[in-house]
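What follows is one structure encoded as C-alpha cells, with my remarks underneath.
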Amino acid sequence: MAYVNGNLALQPKRKPEQKEVIRETKKVVIKRKSLPVQEKLLYLFTVIICVVVAGIIISRFAHIYDMNLHIKQLNSEQQTLNIEMAELKRQVEMLNDPERIRKLAETQGMVSNMDNGITVKKDSVNPSIAMHE
C-alpha cells in the first residue's frame, strides 16, 4: 500500500470550486384582511360574558363552601353543648338526691323530727322547731 499521508504526490486532486448560483425567487404574500370592528366587538363581548358567568359560578361555589364550613362549626358546637347538658343533668340528679340533702342538712346542724318537722340545734340544750304544723 502506498504512503498516503506524507507523500504529496499521492494527494488527491482538488476539484475546481464551483460558484454558487443564487436564484432569485419571488414569493407572493397574501395579506389577510383584518376583522371588521363589529366582529371584534362581538368576540370581545362573548369573552366578557364567559368571564362574568365563570366568576358568578366560582362565587357561588365559594359561598356554598363557606356555608358548609359554618354548618360543620355549628354541628361541633351542638355536640359540645349536648355533652355539657348531659353532664349538667347528671349533676342536677346527683344534687337532688334526698339522701345527700339529708346528710348535708345534718352536717350543717339540722336534726330531722318526723313528727314536728325539721329542727335546728342551738347550743345542743334546747332545740327549736323550724317548721311546726
Side-chain angles (χ1 to χ4, degrees):
M1 177 143 198
Y3 183 69
V4 175
N5 291 333
N7 192 350
L8 294 177
L10 296 178
Q11 281 187 348
K13 291 182 181 177
R14 294 184 182 181
K15 296 180 182 176
E17 294 183 20
Q18 295 177 356
K19 292 184 180 179
E20 294 181 15
V21 178
I22 299 174
R23 291 184 186 175
E24 292 185 21
T25 58
K26 292 183 180 179
K27 186 174 184 182
V28 179
V29 177
I30 301 173
K31 285 190 175 181
R32 291 179 48 189
K33 293 182 181 178
S34 64
L35 295 174
V37 175
Q38 292 175 346
E39 194 169 349
K40 287 180 183 178
L41 288 175
L42 177 68
Y43 289 150
L44 177 68
F45 287 129
T46 303
V47 169
I48 289 173
I49 288 173
C50 290
V51 168
V52 168
V53 168
I56 290 171
I57 291 172
I58 290 172
S59 69
R60 291 290 184 183
F61 277 119
H63 184 68
I64 290 171
Y65 176 78
D66 287 341
M67 289 178 65
N68 285 337
L69 182 64
H70 187 67
I71 288 170
K72 285 180 183 179
Q73 289 173 347
L74 288 177
N75 284 339
S76 66
E77 185 178 339
Q78 181 186 11
Q79 289 176 351
T80 305
L81 290 176
N82 284 341
I83 293 170
E84 185 179 343
M85 190 169 59
E87 177 67 24
L88 291 175
K89 283 182 180 180
R90 188 184 61 78
Q91 287 180 1
V92 166
E93 289 176 7
M94 184 182 72
L95 293 174
N96 283 339
D97 184 26
E99 185 64 28
R100 186 189 116 1
I101 293 173
R102 186 184 60 77
K103 286 181 183 178
L104 185 62
E106 287 176 358
T107 58
Q108 291 181 357
M110 297 184 180
V111 178
S112 174
N113 252 352
M114 294 300 195
D115 299 332
N116 296 335
I118 298 175
T119 58
V120 178
K121 289 185 183 179
K122 287 186 181 178
D123 300 331
S124 302
V125 176
N126 187 10
S128 61
I129 298 175
M131 289 179 34
H132 187 45
E133 293 184 53

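Residue Met67 qualifies as open at atom CE: its count of foreign heavy atoms under 6.0 Å is 12 or below. Atom CD of Gln38 is surrounded by 12 or fewer heavy atoms from other residues, nucleotides or ligands within 6.0 Å.
Partners of Val53 by side-chain contact (heavy atoms from CB on, under 4.5 Å), not counting sequence neighbours, listed by chain and number: Ile49, Ile57.
The shortest distance between side-chain heavy atoms of Leu104 and Ile101 does not fall below 4.5 Å.
The line from CD1 of Ile71 to CG of Asn75 is 7.5 Å long, rounded to the nearest 0.5 Å.
Across Met94 and Arg100, no two heavy atoms sit closer than the pair O-CD, 3.6 Å.
Following chains of ILVMFWY side-chain contacts shorter than 4.5 Å, one cannot reach Phe45 starting from Leu35, and the two form parts of different hydrophobic clusters.
Paired with Leu44 under the rule side chain to side chain contact (heavy atoms under 4.5 Å, CB included), one option of Leu42, Thr46, Ile48, Val47 passes, and it is Ile48.
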Could you list the donor-acceptor pairs under 3.5 angstrom formed between side-chain atoms of residues 76-89 and any protein atom two or more places apart in sequence or on another chain?
unit_1, atom_1, unit_2, atom_2, d
Ser76, OG, Lys72, O, 3.4
Ser76, OG, Gln73, O, 2.8
Thr80, OG1, Ser76, O, 2.9
Asn82, ND2, Gln78, O, 3.4
Glu87, OE2, Arg90, NH2, 2.5

